[in-house]
2 protein chains.
Amino acid sequence: MQAMPKSPPLYIQAREALMRQILEGRLRPGDFLPSEQQLANDLNISVGTVRKATDDLVTQGILERQHGRGTQIVPHTSDRSRFRFFRFVHPDGRPARLAARLLSRKTQTSTKEDQRRLSLKSNEQIIVITRSRAEDGVPLVYERIAIPAKRFEKLSIEPHRDMLEEIYVLYQKQCGEMVRASDDQVEIDLAPVAVGKELNIAAGSPVLLVKRVAVSLSNKPIEFRQSWTSALRYISHLE
Amino acid sequence: MQAMPKSPPLYIQAREALMRQILEGRLRPGDFLPSEQQLANDLNISVGTVRKATDDLVTQGILERQHGRGTQIVPHTSDRSRFRFFRFVHPDGRPARLAARLLSRKTQTSTKEDQRRLSLKSNEQIIVITRSRAEDGVPLVYERIAIPAKRFEKLSIEPHRDMLEEIYVLYQKQCGEMVRASDDQVEIDLAPVAVGKELNIAAGSPVLLVKRVAVSLSNKPIEFRQSWTSALRYISHLE
DNA sequence: GAGTGGTCTAGACCACCCA
DNA sequence: GGGTGGTCTAGACCACTCA
């Protein structure tokens, strides 16, 4: 007997079809899906199977059901999304409310670490953004953000200006890249000169360094971010 | 018209009924649930509703379905559980495999911070465990663990002995307390004398300090743990 | 082969939103 | 009131495990 490649369950096929439409931009954040009944007709499956397909996407936070209104692709600007990747708090546990100020933005050759973290070839260009993040005018975090130049050609942010929007929202709006998840690594570092200057601490004093790799809906690494802070703490909830 | 307290959906009632049985120890980790058909009969609901009730618990990692065998309360000793709260890696990303060696175990009065983290009254007693965690004989982490004496009376571990089992497994086996989730807070500290001594570093040198509050299935804080390390990093995956 | 979970259907009724 | 998601049912058939 031949080994027959068994086709996956209908609800998984439906889920992937939806996911494909989202990834390809035919369904965009903020859009509503067709109604469950409509989808069931379109795909020639039952409503229960449509629900099962969307269940997973709802759990993943990609879709949001609104009773009586419809099912929406979660816009990255919603509050939940906005603070989903937010991980700095004051020593007393109060969340830090950080405004970002752009310091520089350059296109350059990637370092070895950039290449490793972002799965880039050795000659690939990246855009490097440095920012200072402050609360009530007090700088608390210094950031270096590396993103593949190729994917983020269209990103437009002006240097030396306050950044009013979350950068993940800019990624989505301007470049169609949506951050789905991230891996953070927290370590101790001795403040580099630029960090010391920006945070008003002595260069070489111990600071927390958070290295983050953010991945897109299609699970490709799209951002490598390093955040230095001496005054704040990093928090994480595990289940 | 009177405001009628509306009864929650059947699947939620069923889920909570199951949860109660687990919390009360009538269903224990490792046990199998009655079959879906059986549960449906017992509770006078349909199989579909039983499935919906258990879906959430499966997602939360409390239950595990085994096709053709049954549905099991996840034993805390399974690999997935064992490494669920495991958050230290080497700088190269390789997970640290830490064996624990118990240094001391004392019952004493709680500090202000213990009380705050564990929601204790000011006169409540705690058990304080200190451990050294090493990989291949090299000490990498120093830990102080505080747990409410009242809940953990029965905890039996001998001082100055290697701890062969995960401590969360001991909590569960000896005291019936199952860790469901934890909140971690990562900060910089200057190594206290005891930490410096145990980790072979100078007292006062900068180290990573992870403060963890672990909560039980019923969402009560049951452990406050402080882990100091200079050689390792803390990792976290966010979605 | 008996018993379990896994998928799928068709349809009922309810609760909510909005024009 | 018409359309949407939310709950619930009863039953079919499949796939896996274990004796």
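Convention: sequence-line order gives letters A, B, ...; per-chain numbering from 1.
- At a threshold of 4.0 Å, the pair Glu24(A)-Arg20(A) does not count as salt-bridged, since none of the basic side-chain nitrogens sits closer than that to a carboxylate oxygen.
- Each end of the helix from dG1(C)-dC18(D) to dC18(C)-dG1(D) gets its own rotation axis from five pairs of C1' atoms, and the angle between them is 10° to the nearest 10 degrees.
- Under the 4.0 Å criterion applied to side-chain N and carboxylate O atoms, Asp114(B) and Arg144(B) are assigned as salt-bridge partners.
- Of the possible donor and acceptor atoms, none in the side chain of Ser132(A) sits under 3.5 Å from a partner among the backbone N and O of Arg101(A).
- DNA chain D is contacted by Ile45(B), Ser46(B), Thr49(B), Lys52(B) of residues 35-56 of chain B, taking any non-hydrogen atom closer than 4.0 Å.
- For Arg65(A) and dG3(D), the CZ to C1' distance is 17 Å, given to the nearest whole Å.
- We find that CD of Gln13(B) is positioned 12 Å from P of dT7(D), with the value rounded to whole Å.
- Evaluation of the ring pair (Phe, Tyr, Trp, His ring centres under 6.0 Å) rule for Tyr168(B) yields Phe85(B), Tyr171(B) as partners, not counting sequence neighbours.
- A donor atom on one side chain and an acceptor atom on the other are found under 3.5 Å apart for Thr54(A) and Arg65(A).
- In this structure, CG of Leu10(A) is placed 16 Å from P of dC13(D), rounded to the nearest angstrom.
- Side-chain contact annotation: Asp42(B) with Gln38(B), donor-acceptor N/O pair under 3.5 Å present.
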What verdict does the side-chain contact (heavy atoms from CB on, under 4.5 Å) test give for Ser7(B) and Gln13(B), after you've listed the backbone C-alpha separation in whole Å, the side-chain angles of each residue and the deciding distance to 0.1 Å?
CA-CA 9 Å; Ser7(B) 75; Gln13(B) 295 181 40; 4.0 Å; yes
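- Here the side chain of Arg69(A) is nearest to one of dT7(C), dT7(D), dC17(C), namely dC17(C).
- Rounded to a whole Å, the CG atom of Leu33(A) is 19 Å from the P atom of dG3(D).
- Looking at Glu143(A) and Arg225(A), a side-chain N of the basic residue comes within less than 4.0 Å of a carboxylate O on the acidic one, giving a salt bridge.
- Counting to the nearest Å, the C1' atom of dT4(D) and the NE2 atom of His67(A) are 7 Å from each other.
- A distance of 5.5 Å separates CD1 in Ile129(B) from CG in Leu155(B), rounded to the nearest 0.5 Å.
- The nearest whole Å value for the distance from the CZ atom in Phe32(B) to the P atom in dT17(D) is 12 Å.
- Each of Pro34(B) and Pro9(A) lies near DNA chain C, and the nucleotide nearest Pro34(B) is the one positioned closer to the 5' end.
- Between the C1' atom of dC8(D) and the CZ atom of Arg15(B) lies a distance of 16 Å, rounded to the nearest Å.
- Atoms CD1 (Ile12(B)) and C1' (dC8(D)) sit 13 Å apart, rounded to a whole Å.
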